[in-house]
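Throughout, numbering of the chain's residues begins at 1 and tracks the sequence. Everything quoted here is computed from the prediction, not taken from an experiment.
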Amino acid sequence: MIESPRLPGLTLADADRLVDAALSVGAERGFPPLAVAVLDVAGEVIALRRADGGMPMTSRIAVAKARTALTALKPSGQIELPGAIVDSIQHLFGGDFVPFAGGVLVTDGDVILGAAGASGAHALEDEQAVRVAEERWLSDRDR
């Protein structure tokens, strides 16, 4: 049997742990129901879950925030561009460009493994959930 090549970065197990951790952070901190997405380095979804009671649109927004982080190579909330440029980039990427907090790169040192995005709470809370999830995942992985 020939093995298929695999992209470097996150596995399904990694993505599941990140999603579970982010949803737990949201619940622990009393955030509204979150949707959390984890993407591979190609910007494709590995895992996506929405907490019970979460708005349906939050799933797509979580994916878009993670893709925005990958596209910009920095957290989606750190992108500061004039509105007209944001509109052009959104058009270019079919709406998958959301320069609001909640999308972060998942890294190992300076190597990008993928990205995570959350939506459903205030943007800063969304980002807090995925940042803490990444910290927990890294801590567990390094044990």
Side-chain angles (χ1 to χ4, degrees), residues 4-143:
S4 296
R6 161 178 124 59
L7 286 171
L10 302 169
T11 64
L12 177 59
D14 294 329
D16 285 340
R17 281 191 217 84
L18 285 160
V19 168
D20 288 343
L23 290 173
S24 293
V25 170
E28 290 163 9
R29 298 183 183 193
F31 298 165
L34 297 176
V36 180
V38 176
L39 281 54
D40 64 19
V41 293
E44 297 301 327
V45 175
I46 302 172
L48 171 63
R49 288 182 46 210
R50 187 180 71 232
D52 292 341
M55 293 180 287
M57 70 179 168
T58 59
S59 297
R60 290 186 70 172
I61 295 169
V63 171
K65 286 181 177 183
R67 282 195 180 128
T68 299
L70 278 173
T71 301
L73 300 177
K74 62 180 171 180
S76 58
Q78 291 181 8
I79 299 168
E80 296 180 22
L81 296 169
I85 292 175
V86 169
D87 290 346
S88 296
I89 296 170
Q90 284 175 329
H91 177 73
L92 209 85
F93 287 97
D96 267 355
F97 186 79
V98 179
F100 295 101
V104 300
L105 296 171
V106 178
T107 61
D108 184 5
D110 63 350
V111 176
I112 297 169
L113 304 175
S119 180
H122 183 280
L124 295 175
E125 294 170 333
D126 294 341
E127 184 154 330
Q128 192 177 97
V130 289
R131 280 196 185 280
V132 172
E134 182 190 17
E135 290 168 10
R136 289 180 183 178
W137 173 75
L138 285 169
S139 174
D140 289 346
R141 189 189 70 160
D142 293 339
R143 286 186 194 168

Contacts of Asp108 that satisfy side chain to side chain contact (heavy atoms under 4.5 Å, CB included) - sequence neighbours left out: Leu113, Arg141
Heavy-atom closest pair (Ala116 atom, Val106 atom, distance to 0.1 Å) is N-CG2, 4.0 Å
How would you list, by chain and number, every residue that makes a salt bridge (charged side-chain N to carboxylate O under 4.0 Å, His left out) with Asp87, sequence neighbours excluded? none
Could you state the interatomic distance from CZ (Phe97) to CD1 (Ile79), rounded to the nearest 0.5 Å? 4.0 Å
Using modelled atom types only, decide if a donor and an acceptor are shared between the side chain of Thr68 and the backbone of Val98 within a distance under 3.5 Å. yes
Once salt bridge (charged side-chain N to carboxylate O under 4.0 Å, His left out) is applied, what residue pairs with a partner in residues 17-35 remain, sequence neighbours excluded? Asp14-Arg17, Asp20-Arg49, Glu28-Arg136
Rounded to the nearest 0.5 Å, how far apart are CD1 of Ile46 and OG1 of Thr11? 7.5 Å
Taking all atoms of both residues into account, what is the closest heavy-atom pair of Ala37 and Val63, and its distance? CB-CG2, 3.7 Å
In this structure, CG of Asp140 is separated from CG of Leu18 (nearest 0.5 Å) by 10.0 Å
Please, which pairs that meet salt bridge (charged side-chain N to carboxylate O under 4.0 Å, His left out) have at least one residue in residues 119-129, sequence neighbours excluded? Lys65-Asp126, Glu127-Arg131
Which pair of heavy atoms, one from Val130 and one from Gly102, lies closest together, and at what distance? CG2-O, 3.7 Å
Pairs meeting criterion side-chain hydrogen bond (donor to acceptor under 3.5 Å, both in side chains) with involvement of residues 70-82, two or more places apart: none
Using the side chain to side chain contact (heavy atoms under 4.5 Å, CB included) rule, take Leu105 and Leu70 through it: C-alpha gap first, then chi angles, then the decisive distance, then the call. CA-CA 7 Å; Leu105 296 171; Leu70 278 173; 3.9 Å; yes
Stepwise, does the side chain to side chain contact (heavy atoms under 4.5 Å, CB included) test hold for Asp40 with Leu10? CA-CA 6 Å; Asp40 64 19; Leu10 302 169; over 6 Å; no
Taking all non-hydrogen atoms of both residues into account, name the closest pair between Ala115 and Ala66 and its distance. CB-O, 3.5 Å
Calculate, to the nearest 0.5 Å, the distance between atoms CG and CG belonging to Asp52 and Leu23 respectively. 10.0 Å
What residues form a salt bridge (charged side-chain N to carboxylate O under 4.0 Å, His left out) with Glu44, not counting sequence neighbours? Arg67
If you round to the nearest 0.5 Å, how far is CZ of Arg60 from OG of Ser119? 12.0 Å
Identify the two heavy atoms, one from Ala62 and one from Ala35, that lie closest to each other, and give their separation to 0.1 Å. CB-O, 3.6 Å
Non-hydrogen atoms of Pro32 and Gly120 that approach each other most closely: CB-O, 3.5 Å
